Peer 1: 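Take this structure, written in structure tokens, and hold onto it; I'll ask about it next.
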Amino acid sequence: MNDNQISNMNTNDDTDYTPSLGQGAAHSKIILMGEHAVVYGVPAIAMPFKVASVSVKITPSKTNRSRLESDYYSGPISLMPDHMANLKRVIELMLDSFNLPEQALYYHIESNIPIGRGMGSSAAVSVAIARAIADFYDVDLSDYQLQLIVNQGEVIAHESTSGLDTLMSSTNDPVMYQKSEQPVPFSLNLKAFLILADSGIEGQTKKAVASVRQLLEERPKFVKEALNSIERFVKLGYQAILNKDVNELGRLLTYNHYYLNQLGVSHPTLDRIIQAAWYAGALGAKLTGGGLGGCAIALAETAKDAELIAEAMEIAGAKQTWILNLESE
Ligand code: PMV
């Protein structure tokens, strides 16, 4: 850390400009296939989305209380609102697990990951905080310890979590992921473009996960069949990626969306955006992440198609779109 970096830090009175500093970062993710089903042990395919990322800086606090500053909350950690309880838990677990001395710290969070859009914002912030604490106290934090600690926070955020968000915010490769299994990294390298479209509607992962669980209790046969179908599509989707068959992958994305819709986790605006992508020539499109709002993805064969599809998705209601060249992923 050089003087320039230190002087670039937040100038809140609470900070103490000593070279004692901890830094941590993490990024967002896109689930290509398998969300929700992954909570029940079905594999999912996901990729990092590094355009959206978070960084955390920690310095000693000038007051005797630990404080956090972010776009969504600024104040003592002890008074953080309930929806940030996962971050509090991660901080406690980091300090307890590594037997770190009680010390009032100042946490400064900078993130451009939209919250509640199925992009894994809560897990990414937790990962960045855990890494910053490890850096501040100079402790070795293994990937395994990181996942374990952050997942405990995620359980508070989502109730039941597959662990996929935590993994993806701290990993650099696309992966085939199955709960309790070693993730399988792979490279996409497809002649295709992925459009990510933000519906502008806050997704509700916790509510969506709970509603699928309730549906499973009420209509077990129906939900199990949907989960089995999604599992088949995910496995075929992975094969299509390995075979570089983008047409097949697109079809499977669309089939996957059909079943997410059946499980009740889509949203009329998301459906409209997805339909617009299909009509504009997408090879396939679906919601991504927890749903009930949040984001949709669409697959396009060429850059020009991708632009037209992104435009169509915006006309249908998307507030923001991103285009990713999958040849470089
Ligand atoms: O909405 P997100 O980005 O938190 O994604 C949630 C993915 C789910 O499969 C719905 C839940 C999980 O824990 O895997």
Side-chain angles (χ1 to χ4, degrees), residues 26-54 83-84 86-87 90 111-128 147-148 150-171 174-181 183 196-216 223 226-227 230-231 233-234 237 253 256-257 259-267 270 286-297 322:
H27 49 254
S28 171
K29 60 102 198 11
I30 299 173
I31 300 179
L32 292 178
M33 299 184 76
E35 53 275 269
H36 285 288
V38 70
V39 173
Y40 300 92
V42 168
I45 307 170
M47 60 185 286
F49 181 54
K50 295 183 188 157
V51 175
S53 62
V54 49
H83 72 266
M84 294 175 97
N86 56 325
L87 303 185
V90 166
S111 172
N112 67 351
I113 307 178
I115 288 195
R117 297 295 196 275
M119 292 163 77
S121 147
S122 78
V125 175
S126 292
V127 164
Q147 318 276 316
L148 215 63
V150 172
N151 276 335
Q152 292 194 47
E154 284 298 282
V155 170
I156 297 174
H158 294 167
E159 260 164 35
S160 67
T161 174
S162 64
L164 179 60
D165 278 13
T166 309
L167 173 75
M168 292 317 297
S169 55
S170 56
T171 203
V175 294
M176 176 80 158
Y177 174 84
Q178 196 165 6
K179 219 168 155 175
S180 318
E181 301 281 333
L196 175 68
D198 179 1
S199 70
I201 297 164
E202 189 155 341
Q204 301 177 65
T205 303
K206 187 171 180 169
K207 190 169 165 200
V209 169
S211 77
V212 172
R213 187 165 299 286
Q214 194 181 335
L215 196 62
L216 178 64
V223 173
L227 296 178
I230 293 175
E231 175 160 22
F233 298 148
V234 171
L253 294 183
N256 191 167
H257 182 71
Y259 281 99
L260 287 167
N261 204 333
Q262 292 283 301
L263 291 174
V265 296
S266 193
H267 182 283
L270 271 181
K286 66 183 274 290
L287 72 82
T288 180
L292 299 179
C295 289
I297 51 170
W322 296 263

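Read the numbers this way: they start at 1 and go in the same order the structure lists the ligands and their atoms. Only a predicted model underlies this, so the values are computations on that prediction, with no experimental measurement involved.
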Peer 1: For ligand 1, which atoms have a heavy atom of S162 less than 4.0 angstrom away?
Peer 2: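 The atoms of ligand 1 under 4.0 Å from a heavy atom of S162 are 12 (C), 13 (O), 14 (O).
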Peer 1: In ligand 1, which numbered atoms sit nearer than 4.0 Å to a non-hydrogen atom of G120?
Peer 2: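 Counting from 1, the qualifying ligand atoms are 3 (O).
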Peer 1: Relative to the heavy atoms of E35, which atoms of ligand 1 are at a distance of less than 4.0 Å?
Peer 2: 9 (O)
Peer 1: With the side chain counted from C-beta on, respond yes when M119 and D165 share a heavy-atom pair under 4.5 Å apart, and no when they do not.
Peer 2: no
Peer 1: Report yes or no: does T288 contribute a side-chain atom to a donor-acceptor pair with the main-chain N or O of C295 at less than 3.5 Å?
Peer 2: no
Peer 1: Locate the shortest heavy-atom distance separating L164 from A46; write the atom from each residue and the value.
Peer 2: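 Closest pair (atom of L164, atom of A46, distance): CD1-CB, 4.0 Å.
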Peer 1: Please could you name the atoms of ligand 1 that T205 approaches to less than 4.0 Å, counting only its heavy atoms?
Peer 2: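 Counting atoms of ligand 1 from 1, those under 4.0 Å from T205 are 1 (O), 2 (P), 4 (O), 6 (C).
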Peer 1: Hey, does G290 come in under 3.5 Å of ligand 1, counting only N/O atoms on both sides?
Peer 2: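 Between G290 and ligand 1, an N or O pair is found under 3.5 Å apart.
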Peer 1: Taking heavy atoms and a distance under 4.0 Å, where does E154 meet ligand 1: side chain, backbone, both or neither?
Peer 2: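 The answer is neither.
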Peer 1: Numbering the atoms of ligand 1 from 1, which are under 4.0 Å from a heavy atom of V38?
Peer 2: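 Listed by number with element, the hits are 9 (O), 14 (O).
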Peer 1: How would you list, by chain and number, every residue that makes a ring pair (Phe, Tyr, Trp, His ring centres under 6.0 Å) with F49, sequence neighbours excluded?
Peer 2: W322
Peer 1: Side chain to side chain donor-acceptor pair (under 3.5 Å) with Q147: which residues, sequence neighbours excluded?
Peer 2: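 Once residues adjacent in sequence are excluded, the partners of Q147 under the side chain to side chain donor-acceptor pair (under 3.5 Å) criterion are S170.
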Peer 1: Quick check on side-chain contact (heavy atoms from CB on, under 4.5 Å): which of V212, L270, L215 does V265 satisfy it with?
Peer 2: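 So the option named by the test is V212.
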Peer 1: Check whether any side-chain N or O of H267 sits under 3.5 Å from a backbone N or O of G203 as a donor-acceptor pair, and report yes or no.
Peer 2: no
Peer 1: Identify, by atom number and element, the atoms of ligand 1 in contact range of H36, meaning under 4.0 Å from any of its heavy atoms.
Peer 2: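 Near H36, the atoms of ligand 1 are 8 (C), 9 (O), 10 (C).
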Peer 1: Of all the atoms in ligand 1, which lie at a distance below 4.0 Å from a heavy atom belonging to K29?
Peer 2: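 So the answer, numbered in order with elements, is 2 (P), 3 (O), 5 (O).
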Peer 1: Short list, please: which atoms of ligand 1 are under 4.0 Å from a heavy atom of I31?
Peer 2: 7 (C)
